[in-house]
Engineer: 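What follows is a single structure, and I will ask about it in a moment.
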Amino acid sequence: PSPYFHNFDSTATLDDGSCNNIGCTVAEALNYEPWATDDDGSCIILGCTDSDACNYNPDAQYGIRLDVVAVHEGVVGTTDLSGFTTYHVVLTGPNSEDRLSAVMGDEGTPLNWQVNDGIIWHENLAGNITPDINTTFIGFIPELAFDSWVTIGVDPYSYNSSEQISTVESINQPWIEGFESGGGITMNDNYGGAWFVAGAQTTGVFGDDHEVLLAQLTTNGSLSIESMNIQILPVALVSDDVQLFYETNVHACSYPNGVLDCAGECENDTDDDGVCDENELPGCMNSLACNFNVDATDEDGSCILYEDEI
């Protein structure tokens with residue numbers, strides 16, 4: 001018998017082969033225990049949690065989701081938001097009592113949120129970098145409801161001023177001013193940066209819907225949530241914080257693109273020629289014709305042969 005095993009019996013004189021250790025036995029989990037022989041259900045796994053996705057991971061409990069809140073057309077209040085879309089960045093989890101405490105990045109675990117071909121919009125009169133916003137103003141400034149901010153689970157209506165969301169940035173890589181000026185957020189130097197809440201009791205709790213809000217972003221560009229480090233307190237671990245390092249190319253859900261299915265096969269191929277209907281190019285496919293089109297994939301009967309001209 002070994003005193004390191006969970007069911008060590010100090011009175012035993014003969015090992016009966018029953019020794020076991022309980023813990024997380026899934027190798028991809030953040031809290032994987034190589035010595036564990038029996039899984040206790042404590043594994044913490046970040047991945048795609050959407051069963052409709054191509055890369056659904058049935059073992060994953062935590063995932064990142066990008067929700068469309070509003071697609072804007074025209075003027076809101078006094079601001080023309082045509083072409084802008086408001087998104088929510090959401091962390092999903094298995095337990096309603098889990099709590100988010102920080103979103104951060106540094107050299108080893110960078111945070112990289114970018115917008116291409118556009119800006120991240122901010123309401124400059126009454127807006128804020130966090131949801132610490134006077135909601136009374138929304139009645140007079142309707143566009144304030146779509147201000148861009150980062151958060152730990154709350155919006156302007158649920159913000160608790162006694163559990164203030166704080167921010168920190170590297171002197172060599174400040175991110176707050178750039179974000180407020182319409183840019184993305186990068187934290188990847190050796191000091192790093194974060195937004196967080198300390199000692200909170202209610203802020204950051206996942207709640208009955210098992211999800212927590214990380215940010216609201218309104219942009220007219222292409223939003224890319226590439227990576228971030230997330231600190232949570234899982235209720236199953238009682239008092240231990242856990243850091244989840246999210247990378248889009250590893251953990252994000254992927255879906256059929258409307259042309260290819262999850263297996264990389266055509267969703268529509270009417271003539272069964274291996275070329276998806278959406279990619280078919282009609283034209284003359286006879287190499288002897290005057291108007292032969294080397295790029296054509298679908299013969300359209302338009303070929304003009306030399307003898308046709310005689």
Side-chain angles (χ1 to χ4, degrees), residues 22-68 87-106 108-114 150-153 184-185 187-188 194-196 204-215 217 222-238 240-258 260-265:
I22 62 171
C24 173
T25 62
V26 180
E28 66 177 307
L30 295 171
N31 58 333
Y32 168 62
E33 301 290 0
W35 44 258
T37 58
D38 296 315
D39 197 282
D40 63 357
S42 68
C43 293
I44 298 173
I45 301 173
L46 179 64
C48 176
T49 59
D50 186 351
S51 59
D52 292 328
C54 296
N55 59 334
Y56 168 60
N57 182 351
D59 294 322
Q61 308 108 323
Y62 296 92
I64 293 294
R65 196 178 71 230
L66 190 63
D67 292 345
V68 174
Y87 298 92
H88 278 175
V89 184
V90 177
L91 172 66
T92 61
N95 299 305
S96 62
E97 297 177 26
D98 286 357
R99 183 161 54 82
L100 169 71
S101 58
V103 180
M104 52 198 171
D106 58 20
T109 53
L111 184 148
N112 191 10
W113 294 10
Q114 300 301 324
V150 297
T151 186
I152 301 293
I185 304 175
M187 306 175 190
N188 63 7
W195 58 91
F196 64 95
V205 174
F206 280 60
D208 293 339
D209 56 2
H210 291 206
E211 61 184 48
V212 63
L213 186 61
L214 307 184
L217 304 171
S222 176
L223 189 61
S224 177
I225 306 297
E226 297 178 12
S227 65
M228 71 185 102
N229 205 16
I230 306 162
Q231 183 168 286
I232 61 170
L233 178 63
V235 65
L237 299 186
V238 184
D240 293 331
D241 285 331
V242 172
Q243 292 185 12
L244 309 174
F245 180 51
Y246 170 86
E247 295 178 283
T248 291
N249 60 349
V250 177
H251 305 112
C253 294
S254 61
Y255 300 90
N257 62 9
L260 300 177
D261 61 20
C262 288
E265 303 292 333

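Since the structure is predicted, the reported quantities are computational estimates derived from the model, not experimental observations.
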Engineer: To the nearest 0.5 angstrom, please state how far the CG atom of D50 sits from the OH atom of Y255.
Structural biologist: 3.5 Å

Engineer: Who passes side-chain hydrogen bond (donor to acceptor under 3.5 Å, both in side chains) against D261, sequence neighbours left out?
Structural biologist: none

Engineer: Run V150 and I185 through side chain to side chain contact (heavy atoms under 4.5 Å, CB included) and show every step you take.
Structural biologist: CA-CA 10 Å; V150 297; I185 304 175; 4.0 Å; yes

Engineer: A side-chain contact here means heavy atoms from C-beta on lying under 4.5 Å apart; do L100 and L214 qualify?
Structural biologist: yes

Engineer: Indicate yes or no: at least one non-hydrogen side-chain atom of Y87 is less than 4.5 angstrom from one of I225.
Structural biologist: no

Engineer: Does any non-hydrogen side-chain atom of F206 lie less than 4.5 Å from one of N95?
Structural biologist: no

Engineer: List the atom of D98, the atom of P94, and the distance in Å for their closest heavy-atom pair.
Structural biologist: OD2-CD, 3.8 Å

Engineer: Write down the atom of E211, the atom of R65, and the distance for their closest heavy-atom approach.
Structural biologist: OE1-NH2, 3.0 Å

Engineer: Would you check if L217 and W113 make a side-chain contact, meaning some heavy-atom pair closer than 4.5 Å?
Structural biologist: yes

Engineer: Locate the shortest heavy-atom distance separating C48 from A53; write the atom from each residue and the value.
Structural biologist: SG-CB, 3.4 Å

Engineer: Is there side-chain contact between C43 and D59, with at least one heavy-atom pair below 4.5 Å?
Structural biologist: no

Engineer: How many angstroms lie between CD in E97 and CG in L233, if you round to the nearest 0.5 Å?
Structural biologist: 10.5 Å

Engineer: Taking atom CG of L46 and atom CD of E247, what is their separation to the nearest 0.5 Å?
Structural biologist: 9.5 Å

Engineer: Does D208 CG have over 12 foreign heavy atoms under 6.0 Å away?
Structural biologist: no

Engineer: For a quick test of reading the model, state the closest non-hydrogen atom pair linking M187 to W195 and the distance between them.
Structural biologist: CE-CZ3, 3.8 Å

Engineer: Quick check: does any side chain N or O of Q61 sit under 3.5 Å from a backbone N or O of I45, one acting as donor and the other as acceptor?
Structural biologist: yes

Engineer: Spell out, with a plain yes or no, whether C253 and C54 have SG atoms under 2.5 Å apart.
Structural biologist: no

Engineer: Does V242 reach the side chain of Y62, with side-chain heavy atoms less than 4.5 Å apart?
Structural biologist: no

Engineer: Indicate yes or no: at least one non-hydrogen side-chain atom of N112 is less than 4.5 angstrom from one of N188.
Structural biologist: no

Engineer: Distance check, rounded to the nearest 0.5 Å: N55 atom CG versus H251 atom NE2?
Structural biologist: 10.5 Å

Engineer: Please tell me if the side chains of V90 and V212 come closer than 4.5 Å, counting only heavy atoms from C-beta onward.
Structural biologist: no

Engineer: Looking at H210 and S96, what are the two nearest heavy atoms and their distance?
Structural biologist: NE2-N, 3.8 Å

Engineer: First locate atom OG1 of T92, then atom CD1 of I64, and finally report the distance between them rounded to the nearest 0.5 Å.
Structural biologist: 7.0 Å

Engineer: Return the CG to CG distance between L244 and N229, rounded to the nearest 0.5 Å.
Structural biologist: 8.0 Å

Engineer: Between Q231 and S101, does any side-chain donor sit less than 3.5 Å from a side-chain acceptor?
Structural biologist: yes

